Amino acid sequence: MSFGTTSTISSLNGCVSSLQNSIRLLDSSISILDSGVHDFPRIKKVLQCTRHFELISEPTLYAAQTALADEIGPEVEHLLRRVEQHLAKMERREKALIAKSELQEGRLQQKPSLYTTASSRQRSGLGGNVQNIEKLRILKGKKERLAHTIERLSLQAGHKERQLRMTMNYGAS
């Protein structure tokens, strides 16, 4: 029996050592796996897909753009008309103030010479020329106002052209 037990013990020793090697190998594998997956919750969170933007088809995008343009287009046009009217009003006021200023300046410059010319002519019996001078002054004022009106209208025409181009570009988009 001693021979049988020794062979059994030696074969069991071989099994035990093989099992211990397997356990060490498993422990090593577990530690390698543990070091590989210990950061797994963080990696899972990092790699988690979050949709920040939803992709839509091009026809849907164009339909949305058209709907938005239809919705806000009239309001934009209304606001542009109001701005244009206000600008025209301000331009008219500016032109009127400039014309008034020039007229006042002209009156101030003509006042001394007009009185001296008028008084000397009245003394010489040429009172009718004073009326002609006054008519000439009025006509010059009208000429200046008409020039300012022409300038204002050309500015308005240029503004309308720009607005039309902007509208055409906006509609083409």
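Not measured: the values here are computed from a predicted model.
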Full working for side chain to side chain contact (heavy atoms under 4.5 Å, CB included) between Leu103 and Arg137: CA-CA 10 Å; Leu103 183 63; Arg137 185 185 61 78; 4.3 Å; yes
Beyond-backbone contact of Leu155 with His159, side-chain heavy atoms, under 4.5 angstrom: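 In short, these two side chains do not touch, never coming nearer than 4.5 Å.
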Close side-chain approach of Arg81 to Glu84, heavy-atom, < 4.5 Å: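 A side-chain contact is absent here, since even the closest heavy-atom pair is not under 4.5 Å.
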Atom pair [atom1]/[atom2] of [X] and [Y] - distance to nearest 0.5 Å:
| X | Y | atom1 | atom2 | result |
| --- | --- | --- | --- | --- |
| His148 | Glu102 | NE2 | CD | 4.0 Å |
| Gln156 | Gln163 | CD | CD | 11.5 Å |
| Gln20 | Ile23 | CD | CD1 | 7.0 Å |
| Leu80 | Leu87 | CG | CG | 10.5 Å |
| Ile72 | Glu77 | CD1 | CD | 11.0 Å |
| Thr149 | Lys142 | OG1 | NZ | 12.0 Å |

Minimum heavy-atom distance between Arg42 and Asp39, given as atom pair plus value: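 The pair with the smallest heavy-atom distance is NH2-OD2, 2.9 Å.
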Which atom of Pro74 lies closest to which atom of Ala69, heavy atoms considered: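 Here Pro74 and Ala69 meet closest at CD-O, 4.3 Å.
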Just by distance, do the side chain of [X] and the backbone of [Y] share a donor-acceptor pair under 3.5 Å?
| X | Y | answer |
| --- | --- | --- |
| Ser29 | Leu25 | yes |
| Ser101 | Leu97 | no |
| Ser18 | Gly14 | no |

Crowding at CD, Gln104 (>12 non-hydrogen neighbours, <6.0 Å):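 Yes, CD of Gln104 has more than 12 neighbouring heavy atoms, counting only those of other groups under 6.0 Å.
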Arg82 CZ: over 12 foreign heavy atoms closer than 6.0 Å: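 Atom CZ in Arg82 is not packed in, count stays at 12 or less.
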Salt-bridge contact Glu94-Arg152 (side-chain N to carboxylate O under 4.0 Å):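 A salt bridge is absent here (no side-chain N lies under 4.0 Å from a carboxylate O).
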